[in-house]
Amino acid sequence: MIKHQRRRRRKRKQQPESCLEIVGGYLTTTSSVAVMAFLCRSAALLLKPCSRSPAALSAAARLYSSGGQYEYILVEKRGEKSNVGFIQLNRPKALNALCDGLMKEVGLALDSFETDGDVGAIVITGSDRAFAAGADIKEMQNRTFQECYGGNFLAHWNRVSTVKKPVIAAVNGFALGGGCELAMMCDIIYAGEKAQFGQPEILLGTIPGAGGTQRLTRAVGKSLAMELVLTGDKINAQEAKQSGLVSKIYPVDQLVTEAVKCGEKIAANSKLVSAMAKEAVNAAYELSLAEGNRLEKRLFHATFATEDRKEGMTAFVEKRKASFQDK
């Protein structure tokens, strides 16, 4: 009996005083002492200088800024004054295929930046491999005409084109189908050297449904647009620039930085007047020359009701930098 008791005592001494275990994502313990020890170690780690790389910090900042509400995109503010809204499509395994959930999240992020008084421009980008390789075909495969027509399928995708603040697309890799349409909804397109654009819907037995036939024709002319839509062929960044689809081309690793710099230049101007300028340019696609000129004149006259117009001209006369207040 005494021997058995000694054995039990030895076993108790060999066992740890407490046991920490992760159960269902939560930390559990058999001892409050162990909890205190764990919390103290955690606090010590938090007080140590951070040695993570800038890339890791940037990723953490993106995740923090998204507030946990986004599944398919990364959202943050960039630029020296944090005045450029930044949206990165983030479905790497699907080459950023545009599912309905992703486009709804893009709309939410755009709404947030639209109401943010500090943001003067927005950049949308993808990965080095793909801006967006197209719409999510698996999601569309079994849809019926009744579902598409009755539910006005893809209607909310147009949100990008209705934002008042200027939007810049930074396109690396594939921008095909819905990806090309998304880029064309933006106001400015910058392309990486290896970017490819196209509307290959014809190869799937359908046609572009988010503005591809309309915006592409207006951007590159009827002949090239018809060729791309009817053959499903792609054009590279150089061809896209020559045709007028893209304004500038940069090396892949510099593209996003240059797009943000462009956004910073825009954001430095009056946000109110920038919105008016954007409205006037977009009207050129919709109106005749006479009607467009009339709208432009009205908007030009309207700038004289703003404090920023007065500040801008006064600063020019006084040979100083203007300080716009967006009023």
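- One hydrophobic cluster holds both Met103 and Leu108 under the rule that ILVMFWY side chains link at heavy-atom gaps under 4.5 Å.
- Note that NZ of Lys165 is 9.5 Å distant from CZ of Phe113, once rounded to the nearest 0.5 Å.
- Residues meeting the ring-ring contact (aromatic ring centres under 6.0 Å, His included) test with Tyr285, sequence neighbours left out: none.
- Comment: Lys261 does not engage Glu264 in a salt bridge, judged by the lack of any side-chain N to carboxylate O separation of less than 4.0 angstrom.
- For the atom pair NZ (Lys234) and CD (Glu239), the distance works out to 11.0 Å, reported to the nearest 0.5 Å.
- For Glu80, the CD atom is loosely surrounded, since the number of other residues' heavy atoms within 6.0 Å does not exceed 12.
- At distances below 3.5 Å, at least one donor-acceptor pair connects side-chain atoms of Gln88 with backbone N or O atoms of Gly126.
- In this structure a side-chain-to-backbone donor-acceptor pair under 3.5 Å is missing from Asn83 to Asp118.
- When all heavy atoms of Glu71 and Glu105 are compared, the closest pair comes out as N-OE2, 2.8 Å.
- Nearest heavy-atom pair, Asp308 versus Ser270, reported as atom, atom and distance to 0.1 Å: OD2-OG, 2.6 Å.
- The backbone N or O of Val163 sits less than 3.5 Å from a side-chain atom of Lys278, completing a donor-acceptor pair.
- Partners of Asn293 by side-chain contact (heavy atoms from CB on, under 4.5 Å), not counting sequence neighbours, listed by chain and number: Leu289, Glu296.
- In this structure the side chain of Ile188 never reaches within 4.5 angstrom of the side chain of Pro166, judged on heavy atoms.
- In the hydrophobic clustering of this structure, Leu182 groups with Ile235; members are Ile, Leu, Val, Met, Phe, Trp, Tyr whose side-chain heavy atoms approach within less than 4.5 Å, directly or through other members.
- Note that the CZ atom of Arg215 and the SG atom of Cys180 stand 11.0 Å from one another [nearest 0.5 Å].
- Neither Phe316 nor Phe300 shares a network with the other; the hydrophobic side chains, linked directly or stepwise wherever heavy atoms of I, L, V, M, F, W or Y lie under 4.5 Å apart, form separate groups for each.
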Discussion item. Could you walk me through whether Asp111 and Arg159 satisfy the side chain to side chain contact (heavy atoms under 4.5 Å, CB included) test, starting with their C-alpha distance in whole Å, then the side-chain angles of each, then the deciding distance to 0.1 Å, before giving a yes or no?
Written reply: CA-CA 9 Å; Asp111 290 343; Arg159 177 67 182 111; 2.8 Å; yes
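- In terms of heavy-atom proximity, Val160 sits nearest to Cys186 at CG1-SG, 4.0 Å.
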Item to complete: May I have the step-by-step check of side chain to side chain contact (heavy atoms under 4.5 Å, CB included) for Leu272 and Phe324, ending in yes or no?
Response: CA-CA 10 Å; Leu272 179 63; Phe324 296 117; over 6 Å; no
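- Residue Glu307 holds its CD atom at 10.5 Å from CG of Asp326, rounded to the nearest 0.5 Å.
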Practice prompt. Could you give me the CA-CA distance, side-chain angles and deciding distance for Met184 and Leu216, then say whether side chain to side chain contact (heavy atoms under 4.5 Å, CB included) is met?
Written response: CA-CA 7 Å; Met184 290 190 294; Leu216 187 62; 3.9 Å; yes
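- The closest side-chain heavy-atom distance from Val106 to Leu89 is below 4.5 Å.
- Side-chain atoms of Arg218 come within 3.5 Å of backbone N or O of Gln214 as a donor-acceptor pair.
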Worksheet entry | Criterion side chain to side chain contact (heavy atoms under 4.5 Å, CB included) on Leu224 and Leu245, from CA distance to verdict | CA-CA 11 Å; Leu224 181 56; Leu245 182 61; over 6 Å; no
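- The shortest heavy-atom contact between Ile87 and Ala109 is CD1-CB, 3.7 Å.
- Nearest heavy-atom pair, Ser243 versus Val220, reported as atom, atom and distance to 0.1 Å: OG-CG1, 3.4 Å.
- Taking hydrophobic clusters as Ile, Leu, Val, Met, Phe, Trp and Tyr residues chained together by side-chain heavy-atom distances below 4.5 Å, Met185 does not share a cluster with Phe174.
- Asn96 places none of its side-chain heavy atoms less than 4.5 Å from the side chain of Arg129.
- Nearest approach of Asp100 to Glu139, heavy atoms of both residues: N-OE1, 2.8 Å.
- Tested against Arg91 for a side-chain contact (heavy atoms from CB on, under 4.5 Å), the candidates Ile73, Leu98, Asp136 yield a single pass: Asp136.
- Distance CG/Leu255 to NZ/Lys194: 13.0 Å, rounded to 0.5 Å.
- Ile249 has its side chain within reach of Gln238: a pair of non-hydrogen atoms, C-beta onward, lies under 4.5 Å apart.
- In this structure, Glu114 contributes its side chain and Lys164 its backbone to a donor-acceptor pair below 3.5 Å.
- Legend: residues meeting ring-ring contact (aromatic ring centres under 6.0 Å, His included) with Phe197, ordered by chain and number and at least two apart, are absent.
- Distance alone, capped at 3.5 Å, places no donor-acceptor pair between the Gln199 side chain and the Val229 backbone.
- The CZ atom of Phe86 sits 8.5 Å away from atom CG of Leu74, with the distance rounded to the nearest 0.5 Å.
- Other residues, nucleotides and ligands contribute more than 12 heavy atoms inside 6.0 Å of the CZ atom of Arg143.
- Hydrophobic clustering (ILVMFWY, side-chain heavy atoms < 4.5 Å, transitive): Ile124 and Leu176 are in distinct clusters.
- Between Phe145 and Tyr149, the ring planes lie parallel to each other; the angle is under 30°, not in the 30° to 60° tilted range.
- Formation of a donor-acceptor pair under 3.5 Å by the Gln254 side chain with backbone atoms of Pro251 is not found in this model.
- Residue Ile207 places its CD1 atom among 12 or fewer non-hydrogen atoms of other residues, nucleotides or ligands, all under 6.0 Å distant.
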